[in-house]
Amino acid sequence: MQSVLYAAVGVALLLTPHYMEIGINHTSQKQNPFNQSRSPFRYVIVRNDVRDIAGDPKDAHRFIEILLDEKSFSEQTLKELFKLVSVRFPKPNRLDVWVYTSLEQVKTPEESEIGNLSESNDLPALDKHGKALLVRSEGDEWLRYSTNPPNTDMKTVILKGRGP
């Protein structure tokens, strides 16, 4: 009886690695639902404000700032990002999205309250990294992005309508 027990334990020890391998292969072949819905690029919305100074909803503007993974910064990614943001925020009609690729470029809430000129040279961090502006206004959609930082040249791509 004892020899049968030893034989059974021996067979179990021999087969265990084989069954473990089958189990590992089986689980690795299963689709992970998290990976199926995962975006091909990483971004985070760091600011989302709607301003309606005139009190008329048709004159309202939505201002969004996005921090995008610098490795993903490309014209194609910006087009995809524009689609995602436009679907997420269909209202109001006017949408301005600033895309930055470095935390250095993003203003703190205190810095945002102070303001600055749009073409100011006082913020050298802005020119060290890729940046873009995505705009939706009155049926027009376009984007403008830096092509080769620290060079300040910007390329404009009209997605729909006339553009700027």
Side-chain angles (χ1 to χ4, degrees), residues 25-164:
N25 288 339
H26 179 69
T27 57
S28 67
Q29 291 173 357
K30 287 183 183 178
Q31 292 293 329
N32 182 345
F34 179 70
N35 286 338
Q36 289 177 346
S37 65
R38 192 159 170 92
S39 176
F41 53 88
R42 311 307 305 152
Y43 73 97
V44 63
I45 295 173
V46 295
R47 178 179 168 212
N48 177 12
D49 297 326
V50 176
R51 295 187 190 149
D52 185 5
I53 297 170
D56 189 346
K58 70 177 179 149
D59 293 329
H61 286 65
R62 181 178 299 274
F63 295 91
I64 294 177
E65 289 184 359
I66 291 178
L67 183 59
L68 174 70
D69 180 14
E70 193 160 26
K71 296 178 295 196
S72 300
F73 189 78
S74 69
E75 184 175 312
Q76 185 59 37
T77 298
L78 293 170
K79 288 178 180 179
E80 290 299 316
L81 181 61
F82 189 83
K83 288 178 194 175
L84 293 171
V85 173
S86 289
V87 167
R88 182 170 298 279
F89 302 105
K91 301 284 182 191
N93 180 48
R94 177 64 190 234
L95 173 67
D96 292 355
V97 181
W98 281 99
V99 179
Y100 302 112
T101 57
S102 170
L103 191 56
E104 289 180 37
Q105 297 168 296
V106 178
K107 292 179 185 178
T108 66
E110 294 78 14
E111 291 167 341
S112 292
E113 290 171 0
I114 295 170
N116 67 307
L117 298 175
S118 62
E119 299 298 322
S120 172
N121 291 326
D122 296 337
L123 301 171
L126 292 177
D127 295 332
K128 293 179 188 175
H129 305 278
K131 65 180 179 230
L133 172 62
L134 317 175
V135 176
R136 176 183 70 208
S137 179
E138 299 178 16
D140 296 334
E141 295 179 357
W142 52 273
L143 59 96
R144 181 174 282 160
Y145 67 96
S146 57
T147 56
N148 190 23
N151 186 330
T152 58
D153 292 342
M154 305 273 287
K155 179 179 179 181
T156 301
V157 178
I158 299 171
L159 302 173
K160 183 177 169 185
R162 299 176 282 123

To the nearest 0.5 Å, what is the distance between [atom1] on [X] and [atom2] on [Y]?
{"X": "Leu81", "Y": "Ser86", "atom1": "CG", "atom2": "OG", "answer": "9.0 Å"}
{"X": "Leu143", "Y": "Met154", "atom1": "CG", "atom2": "CE", "answer": "9.5 Å"}
{"X": "Tyr43", "Y": "Leu84", "atom1": "OH", "atom2": "CG", "answer": "4.5 Å"}
{"X": "Lys107", "Y": "Glu113", "atom1": "NZ", "atom2": "CD", "answer": "11.0 Å"}
{"X": "Glu104", "Y": "Lys128", "atom1": "CD", "atom2": "NZ", "answer": "5.5 Å"}
{"X": "Asn93", "Y": "Asp59", "atom1": "CG", "atom2": "CG", "answer": "10.5 Å"}

Any side-chain heavy atom of Leu103 sitting closer than 4.5 Å to one from Leu67?
->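 When only atoms from C-beta onward are counted, Leu67 and Leu103 do touch, with a gap below 4.5 Å.
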
Side-chain heavy atoms of Lys131 within contact of Ser146, under 4.5 Å |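 Of all side-chain heavy-atom pairs linking Ser146 with Lys131, at least one is under 4.5 Å.
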
Mind telling me whether Tyr100 and Trp98 have parallel, tilted or perpendicular rings, with 30° and 60° as the class edges?
->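 Judged by the thresholds at 30° and 60°, the geometry between Trp98 and Tyr100 is parallel.
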
Quick one: is the NZ or CZ of Arg51 closer than 6.0 Å to the six-membered ring centre of Phe63, and within 45° of its axis?
->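 Yes, Arg51 sits over the ring of Phe63.
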
Pair Glu75 + Lys155: basic N to acidic O under 4.0 Å |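 Here Glu75 pairs with Lys155 in a salt bridge, since their nearest N and O are under 4.0 Å apart.
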
Determine which pairs satisfy salt bridge (charged side-chain N to carboxylate O under 4.0 Å, His left out) with at least one residue from residues 87-99, sequence neighbours left out, and list them in order.
->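 Of all non-adjacent pairs touching residues 87-99, those that pass salt bridge (charged side-chain N to carboxylate O under 4.0 Å, His left out) are Arg94-Asp96.
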
List the atom pairs, with distances to 0.1 Å, where a side-chain N or O of residues 156-164 and a protein N or O form a donor-acceptor pair under 3.5 Å, not counting sequence neighbours.
from	atom 1	to	atom 2	distance (Å)
Thr156	OG1	Arg144	NE	2.9
Thr156	OG1	Arg144	NH2	3.2
Arg162	NH2	Asp140	OD2	3.4

Go through Leu134 and Tyr145 one step at a time and tell me if the side chain to side chain contact (heavy atoms under 4.5 Å, CB included) criterion holds.
-> CA-CA 8 Å; Leu134 317 175; Tyr145 67 96; over 6 Å; no

Report yes or no: does Thr101 contribute a side-chain atom to a donor-acceptor pair with the main-chain N or O of Gly130 at less than 3.5 Å?
->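 Such a contact is found between Thr101 side chain and Gly130 backbone.
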
Look only at the side chain of Ser72 and the backbone of Phe41, and say whether a donor-acceptor pair between them is shorter than 3.5 Å.
->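 It does not hold such a pair.
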
So Phe82 and Arg136, side chain to side chain contact (heavy atoms under 4.5 Å, CB included) or not? Walk me through it.
-> CA-CA 9 Å; Phe82 189 83; Arg136 176 183 70 208; 4.0 Å; yes

Test log, rule side chain to side chain contact (heavy atoms under 4.5 Å, CB included), inputs Phe89 and Val97 = CA-CA 11 Å; Phe89 302 105; Val97 181; over 6 Å; no

Could you go through the side chain to side chain contact (heavy atoms under 4.5 Å, CB included) check for Arg42 and Lys71 one step at a time?
-> CA-CA 9 Å; Arg42 311 307 305 152; Lys71 296 178 295 196; over 6 Å; no

